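Numbered from 1 within each chain, the chains take letters A, B, ... in sequence-line order. Model, not experiment: these values are computed from the prediction. In what follows, every heavy atom counts, from backbone to side chain, and hydrogens, waters and symmetry copies are set aside.
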Number of protein chains: 2
Amino acid sequence: MTGATEKIKIKGTKSISIKEIAKICGVSTATVSRVLNDNGRFSDETKNKVLRTVEKLGYKTNNIAKSLRTKKTRSIGIIVPDITNEYFANIILAIQNFFFPQGYSVLVYNTNEDQGKEDLYLKDLEAKCVDGLIYFFCMEDRGQIDAIRKKIPVVFVDRNPNRKGAVVVESDNYTGGFLATEELIKSGCRNIVILRHILTNSTIVGRYKGYRDALNKYGIPFNPDLVLDMYVNANASKEAICRLIECGIAFDGIFACTDWLAVGALMALRKHNIKVPQQVKVVGFDNVSISEYSSPSITTINQDKTRLGEIAAQMLLDMIDGKSIDEKNIILPVELIKRETT
Amino acid sequence: MTGATEKIKIKGTKSISIKEIAKICGVSTATVSRVLNDNGRFSDETKNKVLRTVEKLGYKTNNIAKSLRTKKTRSIGIIVPDITNEYFANIILAIQNFFFPQGYSVLVYNTNEDQGKEDLYLKDLEAKCVDGLIYFFCMEDRGQIDAIRKKIPVVFVDRNPNRKGAVVVESDNYTGGFLATEELIKSGCRNIVILRHILTNSTIVGRYKGYRDALNKYGIPFNPDLVLDMYVNANASKEAICRLIECGIAFDGIFACTDWLAVGALMALRKHNIKVPQQVKVVGFDNVSISEYSSPSITTINQDKTRLGEIAAQMLLDMIDGKSIDEKNIILPVELIKRETT
DNA sequence: CTGAAAGCGCTAACAC
DNA sequence: GTGTTAGCGCTTTCAG
């Protein structure tokens with residue numbers, strides 16, 4: 001640590017504009033603009049001249065000015081609940097990797113599932129004039145969603161807002177829930193707990209439906225005591241399972257709607273010296289790293305995060321480019337990954 | 001899936017400008033601009049009139065145009081190695097939470113430690129005219145760093161580029177490495193493996209130095225066979241430790257420069273039926289979730305990600321605002337978190 | 001193939 | 001207190 005107080009200042013890099021290079025090349029700004037954007041209507045000679053001086057002077061186009069004219073900012077927004085969650089981070093990464101080579105950059109907004117923030121972010125995105133939005137929708141319908149959709153292209157990922165005409169990319173949560181539950185049943189479980197996120201959204205609804213239908217199919221009675229709602233957080237699920245055990249409610253399987261919820265369950269089981277998978281079996285959801293590296297490793301439902309992101313990105317780009325899009329609701333398949341907890 | 005092909009189109013929300021509302025209010029655009037920016041020199045009467053019609057017509061200022069005039073975009077860039085890594089994600093989150101209330105939005109660029117990408121991102125950031133940059137510096141010096149610093153304010157986080165005059169916020173990696181190693185020594189270890197990231201940067205250098213100095217202080221000879229370099233990845237460290245065991249090289253402690261590296265080590269140890277912490281003890285670094293929820297839970301060195309992000313953000317904002325800043329190199333304290341692996 | 005000129009929406013002197 | 005005016009740097013008709 002130095003106690004010195006220093007004034008940081010940035011050199012006024014008086015950046016040169018199209019005008020200067022036009023003057024130097026002895027052509028008009030219009031011509032320079034044309035060669036820069038490869039819009040035709042210029043000779044090879046002028047092209048070379050322009051390009052060479054652009055290179056020499058290190059000219060960089062001012063995208064602000066360009067945006068003002070073209071009404072395109074070449075940036076998109078992402079509104080996401082929790083960037084800290086590996087599942088979301090993977091999708092964001094795929095989106096960024098897709099868009100950057102297309103010349104788009106990505107504004108990231110983290111809601112932490114807070115609707116107030118979500119509102120503010122939507123406003124900000126509009127003010128910043130993004131060309132499109134990828135939306136991990138979280139808020140309840142208050143008309144905002146349709147409002148923003150009227151103004152800019154938006155594609156919903158992961159969570160389905162169930163609005164007519166909305167473009168959405170999601171995993172097959174229903175089948176995921178079904179497969180997870182079926183795996184437990186086939187391994188011999190008859191009293192299957194389900195650990196859910198307390199915030200109801202389409203992913204939870206789908207997984208729960210799959211759970212119920214699997215129970216049904218195999219003739220296992222549904223027990224409402226085994227439905228546990230909580231905020232997604234390993235400690236919350238640990239406590240919930242501990243409570244269940246302490247109340248003496250019997251169960252032999254757990255379907256956790258999230259891998260982290262499964263981790264918490266495992267902690268509770270370990271604390272009570274309950275053997276996994278011998279006494280209780282566990283299935284998670286997402287297939288994030290923790291499920292692979294936890295001990296025991298967790299049987300889970302894989303979601304294809306990369307494709308989720310890529311497809312959403314591709315659809316958004318198509319919308320921005322005014323292309324027609326074939327499907328408005330893409331549902332990606334999921335897959336059971338069998339590991340040590342079942 | 002519907003086979004229908006639908007043309008998505010966005011309604012041309014012919015947005016109104018300052019001009020319209022000036023006309024309606026019977027004042028000039030300058031006046032409107034003044035009340036909108038609260039720049040004084042207008043009467044309460046006109047203020048009310050303007051504000052009311054702004055409200056009524058739902059006028060929104062066009063930030064592109066504004067930026068073109070003011071040369072401020074109110075956006076900052078973040079260049080980060082891996083958004084998927086909870087450690088980095090936490091810092092990004094803190095930065096976003098700090099900046100949004102200040103009216104800034106955040107462009108995120110993921111390098112995946114790829115220098116080629118880093119170069120491109122730097123160019124893009126410049127073209128997008130961001131007001132500042134927070135930089136998890138990864139590339140080796142090729143002059144680019146100093147070049148960008150001349151153009152926009154940048155603060156380096158996590159990794160110290162060791163350039164004179166650079167503003168950097170980092171954890172006390174040296175002390176972290178020392179504490180981790182000391183913890184192992186005090187628990188009785190004498191043959192301590194260190195698991196390092198193969199990409200040398202200031203964090204690794206610092207932690208390694210701490211390791212060596214702790215060894216020295218306690219009179220334990222350094223054994224180069226116990227220094228293992230790899231890409232940060234649980235599988236890589238698992239394999240490295242397995243190899244060590246299979247080669248018959250004895251060790252009783254492991255200092256992993258990252259929690260995920262520690263996780264891999266634990267897997268290798270489990271595979272070979274080596275008891276932790278009885279036969280081998282392990283210390284990680286970062287204190288990300290996995291260290292808390294792994295089984296056994298991992299003793300680790302905590303880095304204060306939130307403060308790392310907040311301080312970096314505050315310093316960048318100060319630089320943007322042209323304020324003088326007191327310290328150019330903030331080093332945040334770290335802390336040993338004792339858990340089950342030691 | 002090229003240039004002149006208008007203007008995107010806003011801010012900031014400067015004059016009154 | 002308020003209006004006039006001149007651009008910011010670029011694209012894009014329209015004429016030639």
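- Whole-Å rounding puts the A:R74 CZ to D:dC10 P distance at 16 Å.
- Separating the CG atom of B:N37 from the C1' atom of C:dG9 is a distance of 13 Å, rounded to the nearest angstrom.
- OP1 or OP2 of C:dG3 sits under 4.0 Å from a side-chain N or O of A:S28.
- Side-chain N or O atoms of A:D158 include none that pairs as donor or acceptor with a backbone N or O of A:F136 at under 3.5 Å.
- Contact annotation for A:S67: no contact, since no heavy-atom pair falls under 4.0 Å across all strands.
- One can place CG of B:D44 at 11 Å from C1' of D:dG1, the figure rounded to the nearest angstrom.
- Remark: B:K71 is not in phosphate contact with D:dC8, judged by side-chain N or O atoms under 4.0 Å from OP1 or OP2.
- You'll find that the side chain of A:T31 is closest to C:dT2, out of C:dT2, D:dC8, C:dA4.
- The residue A:N63 sits apart from the nucleic acid: no heavy atom pair falls under 4.0 Å.
- Atom NZ in A:K23 sits about 14 Å away from atom C1' in D:dG9, given to the nearest Å.
- The CG-P distance, from B:D38 to C:dT11, rounds to 13 Å in whole Å.
- Between B:K19 and C:dG7, a side-chain N or O to OP1/OP2 separation shorter than 4.0 Å is absent.
- Side-chain to base pairing of A:R69 with C:dG9: no donor and acceptor N or O lie closer than 3.5 Å to each other.
- Side-chain N/O atoms of B:T46 include one lying less than 4.0 angstrom from OP1 or OP2 on D:dT2.
- In terms of phosphate contacts, A:S33 brings a side-chain nitrogen or oxygen within less than 4.0 Å of OP1 or OP2 of D:dT11.
- Residue A:K49 contributes atom NZ, which lies 14 Å from atom C1' of C:dG3 at whole-angstrom precision.
- Put simply, the side chain of B:N37 gets close to the backbone of B:S33: a donor and an acceptor are under 3.5 Å apart.
- Residue B:N62 has no polar side-chain atom (N or O) positioned under 4.0 Å from OP1 or OP2 of C:dC8.
- Comparing B:L68 and B:S43 by the nucleotide of DNA chain D whose heavy atom lies nearest to each, the residue mapping closer to the 5' end is B:S43.
- No side-chain donor-acceptor contact under 3.5 Å links B:E310 and B:N97.
- Nearer the 5' end of DNA chain D, as judged by each residue's closest nucleotide, is the contact made by B:A65, out of B:A65 and A:N39.
- Side-chain contact of A:D119 with A:Q115: a donor-acceptor pair under 3.5 Å is absent, judged by distance alone.
- Using a 30° and 60° split on the angle between ring planes, A:Y121 and A:Y109 fall in the tilted class, from 30° to 60°.
- Nearer to the 5' terminus of DNA chain C, by closest-nucleotide assignment, is the contact made by B:Y59 (compared with the other of B:R41 and B:Y59).
- The CZ-P distance, from B:R34 to D:dT2, rounds to 9 Å in whole Å.
- Between the A:D321 side chain and the A:K323 main chain, no donor and acceptor come within less than 3.5 Å of each other.
- OP1 or OP2 of D:dT11 lies within a sub-4.0 Å distance of a side-chain N or O belonging to A:K66.
- In this structure, A:I18 places its CD1 atom 8 Å from C1' of D:dT11, rounding to the nearest Å.
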